[in-house]
Amino acid sequence: MPFKNISAGTAALFLSFIMVQPAYAIDKVYSPNVTKGELEVEYSGSTTFDGNHDKRNLEGHEVELEYGIADRIMLELAGSFQKLPDENVKSDGVGLGGRYQFFEQGEHWLDAGILLSYGKATQGGDPDGIEAKLLLEKQTGEFLHRANIGIEQEVGSHASGGPDRVILWNSRYRYDAHFEPGFEIQSDFGQANETHGNYNKQEHYIGPAAFGQIIPNLKYEAAYYFGVSDAASTGAARVLLEYEMFF
């Protein structure tokens, strides 16, 4: 098959074309599974494309450090940055959180866990935030499926409303260690009091994705999305690079 022997150079070239995060949190889809003693250093970023000035070139970037402190517990520390149209990249916030794996991988029909985090805004006038996500994963033959179901609540004196609701999903075919093709869905349903029942006020994206290993311990994720609601940008892209070490 043509992709069987995809090289690390080819994967890196592919990443270079799309290394860019929208204003709403287009995010990685987390696995519930944790490895004790694993240290992950990660960069993720995305950008939007649209004919509307206010909906294009919205960038977000995040640098994250994660460590598995126990068999089913991983802690994370993150710094985020954003760029709005006609502005420079600026620090957006710092976050502290963690993941808890409910039971051993493969012990039940579905692997499950939870992510909890607190984000401190670094710009005056911006709210802090807390986030909770249910993390789900299922392996079926050569296919791997992940889903994250979450709520994000602004807190502090600058908070402006009820919780924001998100659902993220991806599926991939585990074709080769260097190339696992699939698709991804990212949906932000907004705050219930503002967007409930109004699909076109919510942000929904779907598109092709690829996952794999560039070299040992260095993984990538890349996706291009098509906006499928009025509030979404016409297109968006995200990339993730993750280096793993074990102690």
Side-chain angles (χ1 to χ4, degrees), residues 21 24-46 60 62-78 80 93 95-119 129-153 163-174 180 182-190 203-207 209-213 219-223 225 238-244 246:
Q21 188 159 320
Y24 130 72
I26 279 187
D27 200 0
K28 76 182 256 188
V29 184
Y30 285 87
S31 169
N33 298 314
V34 170
T35 301
K36 181 181 179 181
E38 180 181 32
L39 176 67
E40 298 178 357
V41 181
E42 179 183 293
Y43 163 78
S44 61
S46 64
E62 185 173 70
V63 179
E64 187 172 86
L65 189 67
E66 296 184 300
Y67 183 67
I69 64 169
D71 288 336
R72 290 192 264 168
I73 301 174
M74 178 168 274
L75 298 183
E76 65 177 47
L77 178 67
S80 60
L96 179 65
R99 283 184 283 154
Y100 177 71
Q101 181 181 334
F102 290 150
F103 32 75
E104 294 301 319
Q105 185 175 5
E107 182 179 347
H108 297 285
W109 176 82
L110 187 71
D111 295 328
I114 192 169
L115 179 149
L116 300 172
S117 66
Y118 178 86
I130 54 175
E131 176 185 40
K133 283 181 179 176
L134 176 65
L135 314 178
L136 305 172
E137 182 174 292
K138 175 65 177 177
Q139 176 94 30
T140 306
E142 296 300 316
F143 291 91
L144 179 68
H145 311 281
R146 286 179 184 164
N148 293 175
I149 303 168
I151 57 172
E152 302 170 6
Q153 175 64 57
D164 194 65
R165 305 150 300 156
V166 299
I167 295 178
L168 315 178
W169 174 290
N170 68 37
S171 294
R172 69 189 75 174
Y173 176 61
R174 310 200 80 172
E180 299 178 354
F183 72 92
E184 193 159 287
I185 298 170
Q186 301 251 351
S187 290
D188 182 353
F189 294 87
E203 294 189 46
H204 298 280
Y205 295 91
I206 185 171
F211 312 84
Q213 176 181 277
K219 297 180 178 179
Y220 75 89
E221 298 182 4
Y225 308 97
R238 83 170 180 94
V239 70
L240 178 146
L241 292 172
E242 176 186 289
Y243 187 75
E244 301 173 341
F246 298 89

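- For the pair Q139 (side chain) and G141 (backbone), a donor-acceptor distance under 3.5 Å is present.
- I151 approaches P163 most closely through the heavy-atom pair CB-CB, 4.4 Å.
- Of the inter-residue distances, the one linking D164 atom CG with E203 atom CD reads 9.0 Å to the nearest 0.5 angstrom.
- Nearest heavy-atom pair, A78 versus E62, reported as atom, atom and distance to 0.1 Å: CB-OE2, 3.9 Å.
- Between the CZ atom of R146 and the CG atom of L135 there is a distance of 10.0 Å, given to the nearest 0.5 Å.
- Considering only heavy atoms from C-beta on, K133 comes within 4.5 Å of L168 through its side chain.
- Salt-bridge annotation for K28 and E42: present, with a side-chain N of the basic residue lying under 4.0 Å from a carboxylate O of the acidic one.
- Here the CG-CD distance, from N33 to E104, works out to 9.0 Å after rounding to the nearest 0.5 Å.
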Exercise for the section: Please test D188 against Y205 for side chain to side chain contact (heavy atoms under 4.5 Å, CB included), starting from the C-alpha separation and ending with a verdict. Expected result: CA-CA 9 Å; D188 182 353; Y205 295 91; over 6 Å; no
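- Between F102 and L110 the shortest side-chain heavy-atom distance does not fall below 4.5 Å.
- Looking at heavy atoms from C-beta onward, N170 lies in side-chain contact with F211 at the 4.5 angstrom threshold.
- The minimum heavy-atom distance between F103 and D111, with the atom names listed, is CE1-CA, 4.0 Å.
- Two residues are said to be in side-chain contact when any heavy atoms from C-beta on lie closer than 4.5 Å; L116 and I130 fail this criterion.
- A donor-acceptor pair under 3.5 Å links the side-chain atoms of N148 to the main chain of Y30, judged by distance alone.
- In terms of modelled atom types and a separation under 3.5 Å, the side chain of Q101 and the main chain of V34 share a donor-acceptor contact.
- Between the CG atom of L134 and the CD1 atom of I167 there is a distance of 10.5 Å, given to the nearest 0.5 Å.
- Only one option out of Q213, E221, R174, E142 pairs with E180 in a side-chain contact (heavy atoms from CB on, under 4.5 Å); it is R174.
- Without hydrogens or angle criteria, R99 side chain to I114 main chain gives no donor-acceptor distance under 3.5 Å.
- Using a cutoff of 4.0 Å between basic side-chain nitrogens and carboxylate oxygens, R172 and E184 are not scored as salt-bridged.
- Minimum heavy-atom separation, S171 to H145: OG-ND1, 2.7 Å.
- Side chain of Q186 to backbone of D27: a donor-acceptor contact under 3.5 angstrom is found.
- In K138, the NZ atom is crowded: over 12 heavy atoms of neighbouring residues, nucleotides or ligands sit closer than 6.0 Å.
- Contact of the F189 side chain with the H204 side chain is registered, since non-hydrogen atoms from C-beta on lie closer than 4.5 Å.
- Across all their heavy atoms, I185 and S187 have their closest contact at CG2-OG, 3.9 Å.
- Side-chain atoms of S44 never come within 3.5 Å of backbone atoms of L240 as a donor-acceptor pair (strictly under, hydrogens ignored).
- Looking at Y67 and L75, their side chains never come closer than 4.5 Å, going by heavy atoms from C-beta outward.
- With contacts defined as side-chain heavy-atom distances shorter than 4.5 Å, the pair E76/E40 does not qualify.
- Distance CD1/I26 to CZ/R238: 8.5 Å, rounded to 0.5 Å.
- When all heavy atoms of P32 and G113 are compared, the pair lying nearest together is CB-N, 3.4 Å.
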